[in-house]
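What follows is a single structure, written as structure tokens, with notes after it.
Note that the structure is a prediction, hence the values are computed from the model and not measured. Each chain gets a letter, A, B and so on, in the order its sequence line appears, and its residues count up from 1.
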There are 2 protein chains.
Amino acid sequence: MSRQQIVAGAADMLRRRGLNATSIREVAKHAGTPLGSTYHYFPGGKDQLAAEAVRLSADFVSKVLDQQLRQGPAEGVRAFFELWREVVAGNDFKAGCPVVAVAVEEADHPEALAAAADAFRAWSAQLAASLEEHGVEPQRAAQLATLVVGAAEGAVVLCRAQRGIEPLEAIATELTALLASAVRT
Amino acid sequence: MSRQQIVAGAADMLRRRGLNATSIREVAKHAGTPLGSTYHYFPGGKDQLAAEAVRLSADFVSKVLDQQLRQGPAEGVRAFFELWREVVAGNDFKAGCPVVAVAVEEADHPEALAAAADAFRAWSAQLAASLEEHGVEPQRAAQLATLVVGAAEGAVVLCRAQRGIEPLEAIATELTALLASAVRT
DNA sequence: GTCTATACGAAGATAGAC
DNA sequence: GTCTATCTTCGTATAGAC
């Protein structure tokens, strides 16, 4: 089905170019469909398309988290950072997170922005729940989960700017140690 | 002088809208100068203007850091987070960091991207140097400094998406504690 | 040196032919 | 239901009048 291809292509373009530079025209061309088709599939226009692209990416990450967190918070966090490492390094440091792309550009796209907020909240909630299950008290678990999500996203930004994977590795190392000590406590 | 106003206005627009949605036309209008003037002051076009806006913001942060770090790394980090808290909360959660804005949008703006990389490196280096002075070993100091910069930038993104200051506060709390323990060690 | 006017392309969105 | 053609607006950049 070409609808899925359009959304996936939009997510990919969001990763690289950001929201404003992702044109519906080019998304359509990349998916091999005419411009009119995108407005048939997505009558809400760019806002709807961007929102679906964000949800697609967010759900993928959530599924990986859900699976890996069964082996405990440490494994979940490791997988989370590994995901971002693959995105950044696998795209020559020219791609990042589509959720961030939507969040940092003020535009008239309320549905997409809401999807971005939901994505961050969902990831944090998954991590926090796992930490709680392993003995971290609720408030601290939420704080640590927010730190992991925020630091990972920030790390991706730093890696893109500096065209190297070092920031992500440094941040992953520090957070892995911090979480290990928090769970142990 | 209007040149400074143009750069400051560009930085402000970058914060809110991102790189691609910041048009030279509107920057000129906002500064009260005709479009042609901007190309007189900035013959390198948008790339040069964005690069100067990034450097202006980066230098401001560096100066604050330089001053506050004299009272030790804890005070420097506190001031760093306070800066971002003011930017985010003072703009109704609709503004962020112009350096991030440039870093996350792949565009043909090499000078601006280089300025963004320099900004992140400079802030990290300042923090790392202060940590070293207070007994943290070099490699660890660099790792912690990268974490602080990345986590703060990520926190700003989360705050914008969720339209609230909580992520920044949570992350600042965790990092303050982590740094205190690292310096003490 | 400052600014007006404009060239040229691409954006979001829609109307309406097939 | 699919797609072409087009409307309108805005982008970067420049030429050339004052």
Open item on the list: Of the listed nucleotides (D:dG1, D:dC3, C:dT2), which one gets closest to any side-chain atom of A:His40?
Closed with: D:dG1
TODO: Please report, rounded to the nearest Å, how far the P atom of C:dA11 is from the CG atom of A:Leu49.
DONE: 14 Å
Task: Nearest-angstrom distance from the residue atom CG of A:Asp108 to C1' of C:dA11 - done: 15 Å
Open item on the list: Measure NE2/A:His109 against P/C:dA11 and give the value in whole Å, please.
Closed with: 14 Å
Task: Residue-phosphate contact under 4.0 Å: B:Ser37 side-chain N/O, C:dC3 OP1/OP2 - done: yes
Task: Side chain to side chain, B:His30 and B:Gln5, heavy atoms closer than 4.5 Å - done: no
Open item on the list: Under 4.5 Å between side-chain heavy atoms, counting indirect links through other Ile/Leu/Val/Met/Phe/Trp/Tyr residues: same cluster for A:Leu49 and A:Leu14 or not?
Closed with: no
Could you list, one pair per line, each protein nitrogen or oxygen that sits under 3.5 Å from a nitrogen or oxygen of nucleotides 12-16 of chain D, together with the distance?
| from | atom 1 | to | atom 2 | distance (Å) |
| --- | --- | --- | --- | --- |
| D:dT12 | OP1 | B:Ile24 | N | 3.3 |
| D:dT12 | OP1 | B:Lys46 | NZ | 3.3 |
| D:dT12 | OP2 | B:Ile24 | N | 3.0 |
| D:dT12 | O4 | B:Arg25 | NH1 | 2.5 |
| D:dA13 | OP2 | B:Tyr39 | OH | 3.2 |
| D:dA13 | OP2 | B:Lys46 | N | 3.3 |

TODO: Give every residue pair that meets the salt bridge (charged side-chain N to carboxylate O under 4.0 Å, His left out) criterion with at least one member in residues 50-77 of chain A, sequence neighbours excluded.
DONE: A:Arg3-A:Glu52, A:Arg55-A:Glu111, A:Asp66-A:Arg70, A:Glu75-A:Arg78
Open item on the list: From CD of A:Gln48 over to P of C:dT14, roughly how many Å is that when rounded to an integer?
Closed with: 12 Å
Using a 3.5 Å cut-off and no angle test, enumerate the donor-acceptor pairs between side-chain atoms of residues 91-103 of chain B and protein atoms at least two apart in sequence or in another chain.
| from | atom 1 | to | atom 2 | distance (Å) |
| --- | --- | --- | --- | --- |
| B:Asn91 | OD1 | B:Arg16 | NH2 | 2.7 |
| B:Asn91 | ND2 | B:Val87 | O | 2.7 |

TODO: For B:Glu26 and B:Lys29, run salt bridge (Lys or Arg N to Asp or Glu O under 4.0 Å): C-alpha distance rounded to whole Å, both residues' side-chain angles, the deciding distance at 0.1 Å, then the answer.
DONE: CA-CA 5 Å; B:Glu26 225 167 331; B:Lys29 189 188 291 180; over 6 Å; no
Open item on the list: With a 4.5 Å cut-off on side-chain heavy atoms, are A:Pro73 and A:Val183 touching?
Closed with: yes
